Amino acid sequence: MNTGGSSVSATSFDLSTNGSTSASTDISKAKLWYTGETATFDTTTLFGSYTTPNGTFTIAGTQSLNTGAGTYYFWLSYSLKSGAAYNNY
């Protein structure tokens with residue numbers, strides 16, 4: 001996300017599992033992480049999460065982006081259910 005020099009807050013992200021083999025039976029939770037201007041994944045700052053995503057879903061939260069112009073990084077991760085099928089995508 002690039003703010004172009006303005007101070008803004010990120011409040012929600014619309015996401016989708018469309019194209020996944022079997023999201024409803026494989027994914028238990030989606031989590032969205034924030035690492036500021038650091039382009040390295042880290043689990044220190046959780047923006048928000050969504051339980052059992054299937055199709056279109058929204059992760060809501062609040063993250064101020066008040067440090068001026070720059071590129072800010074958000075990372076999506078999925079927790080898989082114990083019975084998730086190997087080689088599903």
Side-chain angles (χ1 to χ4, degrees):
M1 169 177 241
N2 192 316
T3 66
S6 301
S7 296
V8 298
S9 290
T11 57
S12 67
F13 288 82
D14 295 326
L15 305 162
S16 176
T17 61
N18 291 342
S20 299
T21 305
S22 188
S24 63
T25 58
D26 289 345
I27 302 172
S28 63
K29 185 173 275 194
K31 294 180 181 179
L32 194 62
W33 306 93
Y34 174 70
T35 60
E37 293 184 79
T38 303
T40 302
F41 178 70
D42 184 29
T43 59
T44 301
T45 306
L46 180 64
F47 175 82
S49 63
Y50 191 93
T51 303
T52 317
N54 186 26
T56 302
F57 63 100
T58 300
I59 294 181
T62 302
Q63 180 60 56
S64 296
L65 308 173
N66 294 325
T67 58
T71 300
Y72 300 91
Y73 294 90
F74 290 83
W75 307 81
L76 178 64
S77 68
Y78 290 116
S79 297
L80 300 179
K81 296 179 181 179
S82 61
Y86 182 72
N87 280 339
N88 278 358
Y89 52 89

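Keep in mind it's a predicted model, so treat the numbers as computed, not measured. Position 1 is the first residue of the sequence; numbering continues from there.
Of the possible polar contacts, one joining the Thr17 side chain to the Gly55 backbone as a donor-acceptor pair under 3.5 Å is found. Between the Asp26 side chain and the Ala85 main chain, a donor and an acceptor come within less than 3.5 Å of each other. Side-chain atoms of Lys81 come within 3.5 Å of backbone atoms of Ser24 as a donor-acceptor pair (strictly under, hydrogens ignored).
Atom-to-atom distance recorded for Leu46:CG and Leu32:CG is 8.0 Å, nearest 0.5 angstrom. Between atom CG of residue Leu15 and atom OH of residue Tyr50 there is a gap of 10.5 Å, rounded to the nearest 0.5 Å. Here the straight-line distance linking atom OG of Ser16 with atom CG of Asn54 works out to 9.0 Å at 0.5 Å rounding. Separation of atoms CG (Asn18) and OG1 (Thr56) is listed at 5.0 Å; rounding is to 0.5 Å. Atom CG in Leu80 sits 7.0 Å away from atom CD1 in Ile27 (nearest 0.5 Å).
Between Trp33 and Thr45, the closest side-chain pair of non-hydrogen atoms is not below 4.5 Å. At a threshold of 4.5 Å between non-hydrogen side-chain atoms, the residues Lys29 and Tyr78 do not count as touching. Between Thr35 and Thr40 there is no side-chain heavy-atom pair separated by less than 4.5 Å.
Heavy-atom neighbours of Tyr89 OH from other residues, nucleotides or ligands within 6.0 Å: at or below the threshold of 12.
Considering only residues two or more places apart in sequence or on other chains, Ser79 meets the side chain to side chain donor-acceptor pair (under 3.5 Å) condition with none of them. Every side chain to side chain donor-acceptor pair (under 3.5 Å) that Ser22 has, sequence neighbours left out, goes to Thr25.
When all heavy atoms of Pro53 and Ala30 are compared, the closest pair comes out as CG-CB, 3.9 Å.
Test Phe74, Tyr73, Phe13, Phe47 against Tyr34 for ring-ring contact (aromatic ring centres under 6.0 Å, His included) and you get one pass: Phe74.
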Next on the checklist: Test side chain to side chain contact (heavy atoms under 4.5 Å, CB included) on Thr43 and Lys31; report intermediate values, then the result.
Outcome noted: CA-CA 10 Å; Thr43 59; Lys31 294 180 181 179; over 6 Å; no

